[in-house]
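The block underneath contains the structure these notes are about, expressed in structure tokens.
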Amino acid sequence: MTIKKRSILFVLFGLTLVGLIAFKVNRTSVEEKILSYTVDPISQNLKFYWRDENANVFGSINNLRTWLENKQETLVFAMNGGMYKPDNSPQGLFIQQHVALSPLDTSSGKGNFYLKPNGVFYITKEKLGVICKTTDFVNNSKIEYATQSGPMLVINGAIHSAFKEGSANLNIRNGVGILPDKKIIFAMSKKEINFYDFAKYFKDLGCKNALYLDGYVSRTYLPQKNWKQLDGDFGVIIAVTKGSL
């Protein structure tokens, strides 16, 4: 091998090594900022909750966990699932077990919910997770669970045009995206983050569509990663459970 070829190989090796180090540092940085959980809706028991059988609003993750334990179910993961009104009723659409308990909101207004396009996250009876713009949503007999929120974070592979890189609008945020393999990723920032960076997190994972769920009130229960926020005063809660304690 000539000196020239050795030099080229050395340079290529160096560039590759630098790239791998940079990737590892970047991923570590992201993991420090974002708590995430990936769900396979086909094999896992994913449901949306709001009220119990006596019409009492769960409100907190702890109340939901206690209720589930009384039914011999273990709470694996939980996260607040969209914005809500002062009485803890869902803001916008909420479908539970094929029944629409709150209608789709297509009106305009102030606040994040109305930063158009907003959207709907739903689960079909075939256990397929879907996120779409509110204007594209069609209610049919195939939808088992649905929650509406806004704004959309990623729309057809592009970050929402209203988000600005470097924005000083920082807050705790949580959201949901659909991965290329059709699994569902839920994420919450551990620290304050702007909309652009939060949306970019989903986009970088390959999510064609992702939806913002809520802001500073957000809570996540994920004992698998030693994260156990059991408080809160929510409307809809999205949860994964397994049977038999």
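The structure displayed is predicted, hence computed values, not measured ones.
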Check: [X] side chain, [Y] main-chain N or O, donor-acceptor pair, under 3.5 Å:
X	Y	value
N140	K142	yes
H98	I143	yes
N209	N156	yes
N171	E192	no
S102	G92	yes
Q96	Y145	no
Q44	D40	yes

From [X] [atom1] over to [Y] [atom2], what is the distance, rounded to the nearest 0.5 angstrom?
X	Y	atom1	atom2	answer
T66	K71	OG1	NZ	13.0 Å
I155	K208	CD1	NZ	13.5 Å
C207	L205	SG	CG	5.5 Å
N118	K133	CG	NZ	11.0 Å
S60	N80	OG	CG	11.5 Å
I238	L64	CD1	CG	11.5 Å

Which atom names give the shortest non-hydrogen contact between [X] and [Y], and what distance separates them?
X	Y	value
L115	P151	O-CB, 3.2 Å
I34	A187	CG2-CB, 3.8 Å
Q229	Y221	O-CB, 4.0 Å
M83	G150	CE-O, 3.1 Å
Y49	A239	CE1-CB, 3.7 Å
P117	H160	CD-NE2, 3.4 Å

Are more than 12 heavy atoms from other residues, nucleotides or ligands located less than 6.0 Å from atom [atom1] of [X]?
X	atom1	answer
K228	NZ	no
N226	CG	no
K203	NZ	no

TODO: Just jot down the salt bridge (Lys or Arg N to Asp or Glu O under 4.0 Å) partners of R173, sequence neighbours excluded, or say none.
DONE: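 Result, salt bridge (Lys or Arg N to Asp or Glu O under 4.0 Å) vs R173: none returned.
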- [ ] Decide yes or no on side chain to side chain contact (heavy atoms under 4.5 Å, CB included) for S36 and Y201, but give the supporting numbers first.
- [x] CA-CA 10 Å; S36 67; Y201 171 78; 3.2 Å; yes
Task: With N174, the side chain to side chain donor-acceptor pair (under 3.5 Å) member among S149, S189, S218 - done: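 Running side chain to side chain donor-acceptor pair (under 3.5 Å) over S149, S189, S218 with N174 returns exactly one hit, S218.
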Task: For R219, the option from D231, D233, N62, D214 that meets side chain to side chain donor-acceptor pair (under 3.5 Å) - done: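 So the option named by the test is D231.
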Task: Check against side chain to side chain contact (heavy atoms under 4.5 Å, CB included), I159 and F202 - done: CA-CA 9 Å; I159 293 175; F202 288 97; over 6 Å; no
Single-linkage hydrophobic cluster, 4.5 Å side-chain cutoff, [X] and [Y] together:
X	Y	answer
F48	L222	yes
F121	V240	yes
F234	L68	yes

- [ ] Inspect the contact between E144 and K127 and indicate whether a charged nitrogen and a carboxylate oxygen are less than 4.0 angstrom apart.
- [x]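 Yes.
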Task: Residue pair Y84, F113: steps toward the ring pair (Phe, Tyr, Trp, His ring centres under 6.0 Å) verdict - done: CA-CA 10 Å; Y84 49 93; F113 182 91; over 10 Å; no
Report yes if the distance between the aromatic ring centroids of [X] and [Y] is under 6.0 Å, otherwise no.
X	Y	answer
F163	Y196	no
F77	F186	yes
F58	W50	no

Open item on the list: So, using ring-ring contact (aromatic ring centres under 6.0 Å, His included) as the criterion, who are the partners of Y212 when residues are at least two apart?
Closed with: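 Here the qualifying residues are F195.
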Is there a donor-acceptor contact under 3.5 Å linking the side chains of [X] and [Y]?
X	Y	answer
S107	D105	yes
E69	W67	no
T241	E73	yes

Task: CA sep, side-chain torsions, deciding dist, call: I193, L170, side chain to side chain contact (heavy atoms under 4.5 Å, CB included) - done: CA-CA 5 Å; I193 192 172; L170 305 177; 5.6 Å; no
Task: Worked check of side chain to side chain contact (heavy atoms under 4.5 Å, CB included) between L153 and L211 - done: CA-CA 5 Å; L153 296 170; L211 180 66; 5.9 Å; no
Open item on the list: Pair S167, N169 - check side chain to side chain donor-acceptor pair (under 3.5 Å), show working.
Closed with: CA-CA 5 Å; S167 169; N169 178 17; 5.0 Å; no
Open item on the list: Among K225, K190, M79, which residue satisfies the side-chain contact (heavy atoms from CB on, under 4.5 Å) criterion with T220?
Closed with: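 Considering K225, K190, M79, a side-chain contact (heavy atoms from CB on, under 4.5 Å) with T220 is found only for M79.
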TODO: Applying side-chain contact (heavy atoms from CB on, under 4.5 Å) between L104 and each of V120, I95, N139, V138, report the one that passes.
DONE: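 Testing each of V120, I95, N139, V138 against L104, the sole residue satisfying side-chain contact (heavy atoms from CB on, under 4.5 Å) is V120.
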